[in-house]
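Taking it in order: structure first as structure tokens, then the write-up.
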Amino acid sequence: HEPSIALAGGQDGLDLYRRLLGQIKERQWRAVVILLEIDPRQAIALGKIKDERAIPSLIKALEDEDKEVRIYAAQSLGLKGNKEGYAAVLEYKDDSNFMIRTEVAKALRYIGDEKALPILEEMKKRASGATYEQISAAIISLKSKSINNIGKSTQASWAWSDRRHS
């Protein structure tokens, strides 16, 4: 039997989580461990909250025996785009479930760390179907980010050089 507060989660079902995280923030506790029962869809909801304090729960959810929870946890860590989730997601790059490998590729893409390129290239060699497509998209995204960063640094150095010669 669910308490009524758990069933009244607001329009997106996340009101209780927001209240809980807000109360923790208000009290400014130094160390807090939150244990939440996570339905597969709740893992993705935690990712949408964009609160960094949800990351340890999502990392723990990657170990869940339910593959759906693991899939959504990997997806949520990617949505956060947080580098803390990077190492945790990488542990599942060779998971036996192709859907988890697909979410790992997406997460690496959203996290945006260029160090993931060799790992994604290696994953691509063993991938097929939707997983192959997601890995390819992640590689293209990270490579274009790298090219954009090179362009920005080149523009900055040109601007600096122009100022020196003015």
Quick one: pull up [atom1] in [X] and [atom2] in [Y] and give me the separation to the nearest 0.5 Å.
X: Thr102; Y: Asn97; atom1: OG1; atom2: CG; result: 8.5 Å
X: Lys125; Y: Ile135; atom1: NZ; atom2: CD1; result: 12.0 Å
X: Ile100; Y: Lys93; atom1: CD1; atom2: NZ; result: 14.5 Å
X: Ile139; Y: Ile119; atom1: CD1; atom2: CD1; result: 11.0 Å
X: Met99; Y: Gln75; atom1: CE; atom2: CD; result: 9.0 Å
X: Leu120; Y: Gln134; atom1: CG; atom2: CD; result: 11.0 Å

Test side-chain contact (heavy atoms from CB on, under 4.5 Å) applied to Lys115 - qualifying residues, sequence neighbours left out: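 side-chain contact (heavy atoms from CB on, under 4.5 Å) list for Lys115, sorted by chain: Tyr86, Asp113.
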side-chain contact (heavy atoms from CB on, under 4.5 Å) involving Glu63 - partner list, sequence neighbours excluded: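 Residues passing side-chain contact (heavy atoms from CB on, under 4.5 Å) with Glu63: Lys60, Tyr92.
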I'd like to check the salt bridge (charged side-chain N to carboxylate O under 4.0 Å, His left out) partners of [X]; sequence neighbours left out, ordered by chain and number.
X: Lys124; value: none
X: Arg70; value: Asp95
X: Glu133; value: none
X: Lys67; value: none

Sequence-distant partners of [X], side chain to side chain donor-acceptor pair (under 3.5 Å), two or more places apart:
X: Asp94; result: Arg126
X: Glu103; result: Lys106
X: Ser76; result: none

Same apolar cluster (I L V M F W Y, side chains within < 4.5 Å links), Val104/Leu117: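 Yes.
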Verify same cluster id: Leu77, Leu142 (apolar side-chain graph, 4.5 Å):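 Cluster IDs for Leu77 and Leu142 match.
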Side-chain heavy-atom pair Leu90, Leu108 within 4.5 angstrom cut-off: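 Of all side-chain heavy-atom pairs linking Leu108 with Leu90, at least one is under 4.5 Å.
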Which atom of Ala107 lies closest to which atom of Val89, heavy atoms considered: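 In this case the closest contact between Ala107 and Val89 is CB-CG1, 3.8 Å.
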